[in-house]
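To keep things clear, I will list the structure first and then write my remarks on it.
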Number of protein chains: 2
Amino acid sequence: MKSSRITLKDLAKDLNLSPSTISRALGNHPAISDFTKKRVQNRAEELGFRLNSIASSFRKKKTDSIGIIVPRIDIHFHSLVISGIEEYAYNNGYHVTIFQSKDLLKREKEIAKILQTKMVDGIIICLSIETKNCDHFKKFDKLGVPMVFYDRVPTDFEANKIVINDFESAYTATEHLINAGCKRIGHIAGNQTTDIFKARLEGYKAALKKHKLPIDSSLILPTNNLNYEEGVKCAQKYMELPELPDGIFCANDYTAVSIIQVFRKAEIKIPRQVAIVGFSNYPISKIIEPNLTTINDRAFQMGEASAKLLIRQIEEKNDFIESETITLKTELIIRESSAKVPVTKKVVSQK
Amino acid sequence: MKSSRITLKDLAKDLNLSPSTISRALGNHPAISDFTKKRVQNRAEELGFRLNSIASSFRKKKTDSIGIIVPRIDIHFHSLVISGIEEYAYNNGYHVTIFQSKDLLKREKEIAKILQTKMVDGIIICLSIETKNCDHFKKFDKLGVPMVFYDRVPTDFEANKIVINDFESAYTATEHLINAGCKRIGHIAGNQTTDIFKARLEGYKAALKKHKLPIDSSLILPTNNLNYEEGVKCAQKYMELPELPDGIFCANDYTAVSIIQVFRKAEIKIPRQVAIVGFSNYPISKIIEPNLTTINDRAFQMGEASAKLLIRQIEEKNDFIESETITLKTELIIRESSAKVPVTKKVVSQK
DNA sequence: CTGAAAGCGCTTACAG
DNA sequence: CTGAAAGCGCTTACAG
């Protein structure tokens with residue numbers, strides 16, 4: 001059934017040339033005459049010859065493939081990152097193979113083992129939420145396979161990282177609320193075992209301190225996953241307080257949206273009574289009413305930057321660089337949900 | 001820098017066994033004694049030996065890899081499908097390599113050529129919006145590489161397809177509006193060069209006919225991409241009519257959401273004055289107020305089914321089957337946006 | 001139950 | 001500018 005493919009040798013026989021010459025002609029080797037190249041390339045096209053890139057990879061010890069490990073593909077943030085990776089990789093002759101850890105350490109370890117056999121040229125990873133140490137990735141260092149981590153990155157070992165400045169972003173978001181006139185600012189915090197959410201909480205606190213506002217722990221509500229349902233619960237907790245906050249910085253957009261909806265049902269005016277700022281610039285932030293002020297976390301660019309750094313490391317093999325960390329500039333997108341006084345639409349870039 | 005990997009031959013020498021035996025022991029071949037297997041496997045683990053699966057694929061002419069071509073990874077529907085594919089593939093020993101056509105025929109053709117060299121065992125494809133014929137995929141048939149198409153599938157040649165019944169789903173959605181008491185039902189139609197959107201329009205018309213309601217072409221609004229902005233324009237067009245429709249079946253959720261928002265701003269009551277039904281069960285359909293009645297299009301299951309069918313075809317090589325088409329059951333999820341008379345939450349499965 | 005040998009389809013250092 | 005030859009790291013049909 002599987003009709004046998006034409007090999008490079010077949011093509012060589014057909015053209016009365018050696019396999020060496022065919023290989024070089026197809027690879028556009030400078031030593032081959034233009035006449036021969038044209039002849040070979042035309043005939044290859046005619047016969048529908050396709051190089052067996054597995055054989056080629058095997059011989060060259062280079063697969064032109066990048067392994068990606070993400071918690072889940074269907075989380076919008078990760079799908080944007082993957083899209084950015086694929087785009088950059090494609091334009092540079094690489095292809096991407098994707099694995100989902102499902103946020104399980106066990107599965108992440110399994111995938112790491114599989115990737116060691118797949119001979120990928122490099123790996124891009126967002127750690128699972130369960131991952132506390134990166135021993136299972138150390139083998140890649142030994143094998144000389146470069147790795148780049150994004151978003152949830154390791155703290156226990158030197159590694160290439162693409163991150164945003166969560167502290168600064170949170171600081172900027174909180175300061176924006178302060179500038180809008182808020183005095184009692186709450187924070188819906190992400191899981192405090194994860195560094196990025198710790199940093200967002202710290203940024204929030206720092207902004208309050210800077211502006212001499214008290215840090216009121218009753219206004220800081222912890223969550224596990226920052227999902228919509230947890231947001232609803234947080235909104236209810238705020239409503240049970242003797243006094244509502246007048247601004248809330250949420251560690252992501254889902255909780256921000258749920259707060260808006262619960263408050264609106266309770267006839268609490270947004271932004272007049274409570275101004276809201278989210279984090280991530282999810283599509284819903286442009287649709288929810290009022291539109292949500294939020295932080296653009298550069299998901300697509302994070303993917304591009306990850307792929308770019310990884311491919312550079314694959315191709316340069318610069319022995320003097322131990323690791324690189326690239327911090328992307330975020331952007332505060334100001335929309336209606338924080339406009340205590342009506343503002344014209346504007347954007348504040350984090351410096 | 002790249003420390004040389006341990007090969008199977010090294011392991012053989014270390015254990016004083018032949019490479020044949022090592023290969024069989026690692027592959028759990030029945031002819032090898034349990035004692036030898038244990039010895040080999042333990043020593044492999046000790047030395048951190050990892051089989052070079054490129055060499056193995058090359059030799060076996062089997063890569064255990066599936067190529068995926070989607071328009072874009074960051075469209076939620078596709079990210080769910082990919083997630084379903086990855087999940088099923090992973091559990092069955094395959095990995096997935098993803099390419100984005102960006103809805104460009106030119107790029108889709110490029111990717112098809114690349115995949116011919118990559119020696120993938122099979123391919124899953126959602127056609128680009130520009131694709132009118134599938135000549136660029138015919139080569140895979142010749143090479144004996146199975147293909148499965150989902151969602152946007154070819155009509156010009158026999159192929160394995162995973163689809164939903166768009167006609168029936170649209171019929172069910174429209175009939176639901178009729179049962180809710182609507183008499184003047186509009187439809188926001190998708191690009192009519194795409195079969196699935198043609199089918200949704202036909203299903204809508206068929207339901208009206210069945211219930212002896214007139215088909216009023218002024219209520220059928222065409223769009224190109226069914227995006228939010230087009231939805232806004234459609235809403236405005238409806239408002240310019242001498243009389244509003246009392247129900248609208250939208251070919252996707254984005255346009256449904258935009259209609260809801262524009263109408264609400266104009267103080268048009270939903271669902272009392274106009275009932276709305278969407279299509280796809282996007283996350284936003286649960287968040288928008290009122291919650292959106294919609295069709296669950298089984299994106300994740302579509303991915304699972306695609307992978308399952310593909311892997312079956314890869315492994316069975318049944319020469320008697322020309323092609324298979326699997327139609328997934330959709331589900332009408334009834335929420336507030338269509339509740340002319342208040343209903344308790346329920347779900348109607350398409351039979 | 002184990003081994004020797006051939007070979008998968010390329011690429012590349014070497015030679016001319 | 002082109003070719004002969006070796007070999008990448010496995011697997012498997014064949015032999016014992």
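Lettering of chains follows the sequences in order, A, B, ..., and the numbering in each one begins at 1.
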Exercise. For B:Ser33, which contact category applies under a 4.0 Å heavy-atom criterion: base, sugar-phosphate, or nothing?
Worked result: sugar-phosphate
Problem set entry | Distance, C1' atom - from D:dT12 to D:dG16, rounded to whole angstrom | 16 Å
For this session: Determine whether the aromatic ring centres of A:Phe137 and A:Phe149 lie less than 6.0 Å apart.
Result: yes
For this session: Assign B:Thr36 to base, sugar-phosphate, or nothing according to its heavy-atom contacts below 4.0 angstrom with the strands shown.
Result: sugar-phosphate
For this session: With heavy atoms under 4.0 Å as the rule, sort B:Phe35 into base, sugar-phosphate or nothing.
Result: nothing
For this session: Can you label the angle between the B:Phe77 ring and the B:Tyr150 ring as parallel, tilted or perpendicular, going by 30° and 60°?
Result: tilted
Problem set entry | Partner nucleotide of D:dA15 by Watson-Crick or wobble geometry (both distances under 3.5 Å) | C:dT2
Problem set entry | Polar side-chain contact A:Arg5-C:dG9 base: donor and acceptor under 3.5 Å | no
For this session: May I ask you to say what A:Ser56 touches in the nucleic acid, namely base, sugar-phosphate or nothing, with a heavy-atom cut-off under 4.0 Å?
Result: sugar-phosphate
For this session: Return the stacking result for D:dC10 and B:Phe58: yes when the ring centres lie under 5.5 Å apart and the planes under 30°, no otherwise.
Result: no
Exercise. Want to settle it: does A:Pro19 or B:Lys60 sit nearer the 5' end of DNA chain D, counting the closest nucleotide to each?
Worked result: A:Pro19
Problem set entry | Gap in Å between the two P atoms, one belonging to D:dA13 and one to D:dG9, rounded | 23 Å
Exercise. A:Ser53 near the nucleic acid: base, sugar-phosphate alone, or nothing, with a heavy-atom cut-off under 4.0 Å?
Worked result: nothing
Exercise. Which of the following nucleotides, D:dT2, C:dC10, C:dA4, is nearest to the side chain of A:Leu8?
Worked result: C:dC10
Exercise. B:Ile54 near the nucleic acid: base, sugar-phosphate alone, or nothing, with a heavy-atom cut-off under 4.0 Å?
Worked result: nothing
